[in-house]
Structures are given as structure tokens and as C-alpha cells.
Student: 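Starting off with a structure, shown below.
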Amino acid sequence: MPQKLPALTDFRRIVVKVGSSLLVDSPAGQPRADWLDALAEDIAALHRDKRDILVVSSGAIALGRSVLKLPRGALRLEESQAAAAVGQIALARLWAETLGRHGITAGQVLVTLGDTEERRRYLNARETIDKLLEWRSVPVINENDTVATNEIRYGDNDRLAARVATMVSADLLVLLSDVDGLYDAPPASGRTATLVPVVERITPEIAAMAGASGSELSRGGMMTKIEAARIATSAGTHMVIASGHRDHALMAIARGGPCTWFLTPANPVTARKKWIAGTLEPKGVLYIDSGAVAALRRGKSLLPAGVRRVDGEFARGDAVRIRDLDGEEIGRGLVAYDSGDAMQVIGRSTTDVKMILGFDGRSEIVHRDDLVISGSEER
Ligand code: GLU
């Protein structure tokens, strides 16, 4: 039965991944300024409509290559890292100027694999991005190619964008690349292939349709896009692949242009809370007073003032159990302080925290986005 596909306006937080081949002319190596301007107009329209927009932009290596006038052909790892060092400056400027013309402030965020995989660093990156969004900036994110070495890098921005999308609980990831979407046969197979409009589950057959492809400029072929879809959809983020080779690429999706939707059964907050409640092994316990229990049940964050006792040893970002003073489990959450600091700040007002620790800590000891209350539907 044909199913109603989502519309862009259904989403509140959207990550748009832009591939190198869209941003940079091949072989001239010049930025495609008019194309980018049209995309920025689409981004600005969604932004005005109160959507949170994040961009994951490739193009550092391609632009660096052109600024440095490097010969065509494959680059060695250290050459691409050095090219990225040059190109990232140009890329950031391009985005800042283009979005700026549409009244949007861009903020550059460079991340490595560790920043998205290691819990403590993950919280840092997420908080910075959250703050940018709160300030209505558009984060423009790329891998920090100059320091990411082979074993510890994504290497492709498809999977990076998927991890970023899940990290910020985005409800949609848009991959703009040089193909319309997923075809039911790989391009190299020679068979006539038709576009798959919607994928509800990534089965081995779907994965087989991807084959292996890619162009000189973009690292990710359809395989990495399927990988990205797996990451995104299992964390509650829908994904759509569409060709950026048309002006106003986002509006083209909104108008029902060719694309492939990968749907997720979950929603990002539920998926994340399931992960906190079910997957992570709690490392310690926070015992909280009845006022805090009531506040948590009303959907508030846990503040240091409401915590009476801390048990166990944990690091910032670890999962902890939250119990009332009778020992009954109230919920679980990711804690914003390590156990040593937590012991010092409990019972104190948020304004005292800086004085006690000597640095500005978080006002919440467990933020409500990182908190699951026992017995609530998210569990
Ligand atoms: N981070 C790389 C760059 O900016 C792009 C990786 C990719 O093409 O996916 O050049």
C-alpha cells in the first residue's frame, strides 16, 4: 500500500549533509557559489520557520587541493590532512559568508571520531552544539581532518553526519549528494535500475542494492550512505538521500522531487532514553530528596541541591541510578560531574558550584534530556 511520505516541515531539528562534489566544481576546484546560495536560501526558510538546522559540510580537502594547486589523482593521508588544513579555512569562510547573506550566523565545529564515540567528549560536543542552536546559529560541522589519523577517523561525512544527527537527537538527516537516492541495482551492474522511494527496514537486499560507488571528490558511495541510514534509523532519526545537483535542493525534496527516504520506527528522544535506561551499565547512585523526586517526575532536570548522597565511582557522562532516600529507584541518567566533583557539589545551590570547584560546572547534575524516569513510557 503506498504510504504517505514525511514532509520536511514535519521535522524540528534537521541535519543537512553536503558532499564535496556539490560544493566544489570539478576539475576547476572552485566553490559553486550560486548553488550554495540557493541552498542557503532553503536553509534560511526552514530556519525562519523555527527549525533547528545543522550543516555537515565536506569540501575541505577538495578546496585545499585547489588553493594549493595540487595535481589530480589520489592524495596520501598526510597530503589530504595538509590540504584540509588549507581548505577548511576557505570552507568555513564560504559558509559564514553565504549563510550570513541570509541573516544566519554560522558556527564552525570540527569533530573527530572520539568526540562522537567517547561519552565524556560526546557530552561536550553536544553541549556546544546545543548552545549554538539555542542562539539560533547554524553549526557547520566537518571532521577535523588535519588531526584525525587513519585508524581513528570517519573518513566519510555520511557516517559522521549520521552520528552527529543522533548525538543532537535530530529527527531528520538529509544527505545531499550526486545521486537521486538508492536504485534497486548498483550503477555498475548495467541493469536498468529504478529509484526506491522509501526503505522501511535495511535488509540484506537493500544493502546489496548499494554496490560500491563514489566519485573522485566524495569518499562516500552508496555503501556509506546505507551505513549512515543504519546509524540514523536505529537511533530514531529519519534519513533522506537526494541529489544536490539541482538548485534549491532542499525545496526540491519538500516539493516531492526524486529521493529515497529511510524511515525509523522510533523517535530520537525515545531511542536515546532507551539507550540510557537499558543499554548502559550504571556506574553509581545518586540519592535524592523528596523535593527533587517531585521535580523529576514533573519533567525537570536534577540539580545538585536535591542530591543528598553519592555512591560509587563514575566519570562525567557515565550512567547512574537515581534513588530516593528509601532506596527506591526513581530513574537513570547521564551524570554531568565525575564522582569526586559530584560529592563536593551535592546539597549546594548552583551558584555555589563555581566557588566550590573553581570552574563553572553545569547547572544540572543530570540534565532532563539525559534522564529516564522509571515506569515512564520511554522505558
Ligand atoms: N572531511 C572531508 C573534507 O572535508 C570529506 C569527507 C567526505 O567526502 O565525506 O574534505
Side-chain angles (χ1 to χ4, degrees), residues 15-32 35-36 39 54-70 72-96 98 106-117 125 139-165 173-179 210 212-232 239 241-245 249:
V15 175
V16 182
K17 183 257 170 176
V18 183
S20 299
S21 59
L22 298 173
L23 271 170
V24 186
D25 230 354
S26 178
Q30 292 308 311
R32 298 179 60 224
W35 177 86
L36 188 59
L39 178 70
L54 300 91
V55 170
V56 171
S57 176
S58 308
I61 298 173
L63 281 176
R65 205 185 235 287
S66 131
V67 175
L68 292 160
K69 302 192 172 53
L70 301 179
R72 299 191 64 177
L75 296 178
R76 296 156 56 91
L77 177 64
E78 65 276 17
E79 290 170 338
S80 28
Q81 290 183 303
V86 172
Q88 184 61 40
I89 296 180
L91 186 62
R93 176 165 167 201
L94 183 63
W95 276 106
T98 310
Q108 172 179 261
V109 181
L110 299 179
V111 293
T112 57
L113 187 71
D115 295 321
T116 58
E117 302 306 298
V140 178
I141 302 163
N142 196 0
E143 185 159 21
N144 196 349
D145 289 313
T146 51
V147 295
T149 52
N150 233 356
E151 322 74 71
I152 50 155
R153 71 204 281 260
Y154 279 98
D156 70 84
N157 276 2
D158 294 328
R159 288 176 310 142
L160 173 73
R163 285 298 289 135
V164 166
L173 167 63
V174 182
L175 294 187
L176 293 179
S177 73
D178 42 16
V179 289
S213 58
S215 65
E216 194 194 350
L217 280 179
S218 49
R219 318 251 340 170
M222 195 47 78
M223 298 270 229
T224 64
K225 292 183 176 50
I226 300 285
E227 269 313 303
R230 257 192 241 281
I231 297 170
M239 187 179 110
I241 302 179
S243 168
H245 280 303

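Each ligand, and each atom within it, is numbered from 1 in the order the structure gives.
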Student: side-chain hydrogen bond (donor to acceptor under 3.5 Å, both in side chains) with Ser243: which residues, sequence neighbours excluded?
Tutor: none

Student: Which atoms of ligand 1 are found less than 4.0 Å from any heavy atom of Asn142?
Tutor: 1 (N), 3 (C), 4 (O)

Student: Heavy-atom contacts under 4.0 Å between Asp145 and ligand 1: side chain, backbone, both, or neither?
Tutor: side chain

Student: With sequence neighbours excluded, tell me which residues meet side-chain hydrogen bond (donor to acceptor under 3.5 Å, both in side chains) with Ser57.
Tutor: Trp95

Student: Judging by distance only, is a nitrogen or oxygen of Asn157 under 3.5 angstrom from one on ligand 1?
Tutor: yes

Student: Which of the numbered atoms in ligand 1 are under 4.0 angstrom from any heavy atom belonging to Gly59?
Tutor: 3 (C), 4 (O), 10 (O)

Student: Check whether any side-chain heavy atom of Glu79 lies under 4.5 Å from a side-chain heavy atom of Leu70, and answer yes or no.
Tutor: no

Student: Is the CD1 atom of Ile89 crowded by more than 12 outside heavy atoms at less than 6.0 Å?
Tutor: no

Student: Is the closest N or O pair between Ala62 and ligand 1 shorter than 3.5 Å?
Tutor: no

Student: Can you list the atoms of ligand 1 that are under 4.0 Å from a heavy atom of Ser58?
Tutor: 4 (O), 5 (C), 7 (C), 8 (O), 9 (O)

Student: Do Ser20 and Ile61 have side-chain heavy atoms sitting under 4.5 Å apart?
Tutor: no

